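Report on the following structure.
All ligand and atom numbering here is 1-based and tracks the order in the structure. Heavy atoms only: backbone and side chains are in, while hydrogens, waters and symmetry mates are out. All values derive from a computational prediction rather than experimental measurement.
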Amino acid sequence: MDFSLTFQIEGLAIRGRLVRLSTALERVLLPHDYPAPVAEIMAETVTLAATLGSALKYDGVFGLQTQSDGPVNLMVSDVTSNGAIRGYARFDDEKIKLLDNSAGAPVPRLLGAGYMAFSVDQGPHTERYQGISELDGATLADCAHHYFRNSEQLESAIWLGADTGKNQSGAGAVSGAIMIQRMPKSGPQSDKNIEDEEDGWRRAVAILSSLKRDELLSNKLSAEDLLYRLYNEDGVRIFEKHELFQQCRCSEEKVIRTIKSFPVEEITDDDGNAHVTCEFCKQVYSFNHNEIKSIISA
Ligand SMILES: [Zn+2]
């Protein structure tokens, strides 16, 4: 099962989330047949979105987007409060072919300079939240840390890993993430308390950084066992799991709305037919010239 799980490190006032993806990730990647380096950073992006987005406590959509000047110029991923994930990347195939895959950190090499944006959309009658941060770091997790430090988020640390294998299609892809967050202090604090909390936080972060990618991604080690292995000493309490799955939110109705918003000659071929492909799931919506006529006149 693909899931997000919430936990608490009892002695330390730290909350955390663990995410593991396999089938859902495969289903996000498969329709696109990405080159290996694109599949890998896309897998991390989807996992980061799933980790940050699974904190939603209300009906809504959490979105993560990167825009940059490198070979991978756009990545989009979102997750609904029900656990539906999706995403896609845009890239320059020629630039990807020219990459030296043995050298350099992934973000500067694949994404280049640009920014990362986070959004929370809770429906038509609510205000949309958006946070933006420069792509500053060697890895996507570093960029997320940069965002955490520069926003009014809780103090947070994240460990992110993905393995899309040698198989370019994305079959067999797995990923995982663990994020820990320091809870706001409550009540009066003595100097001793504050010092202990600082120490506790530093220790929890150090333990998280000692995690090996194989442990995070191994299907032989359950999420519960992994968390006990890491944080048993301070006491770890595990809350319920929430399932994550791939599901796109495109529909014929939405495509029709899009068609109506464009000049007809821009979307139809020489015969007056239109084929609209969803960028997320690659589903093709086709309309013949009669259907297009009635859409436009409706
Ligand atoms: Zn779709």
What's the verdict on side-chain contact (heavy atoms from CB on, under 4.5 Å) for Q283 and C248, showing C-alpha distance, side-chain angles and the deciding distance? CA-CA 9 Å; Q283 159 110 30; C248 195; over 6 Å; no
Using 2.8 Å as the cut-off, note every protein N, O or S atom close to the Zn ion (ligand 1). C248 SG, C250 SG, C278 SG, C281 SG
Least distance between heavy atoms, P31 atom then V28 atom: CD-O, 3.6 Å
Any side-chain heavy atom of L111 within less than 4.5 Å of one from L140? yes
Under the side-chain hydrogen bond (donor to acceptor under 3.5 Å, both in side chains) rule, what pairs show up with a residue in residues 252-266, not counting sequence neighbours? none
Summary of side-chain hydrogen bond (donor to acceptor under 3.5 Å, both in side chains) pairs that have at least one residue in residues 208-232, sequence neighbours excluded: E215-R229, S222-D225
Y147: ring-ring contact (aromatic ring centres under 6.0 Å, His included) partners, not counting sequence neighbours: F118
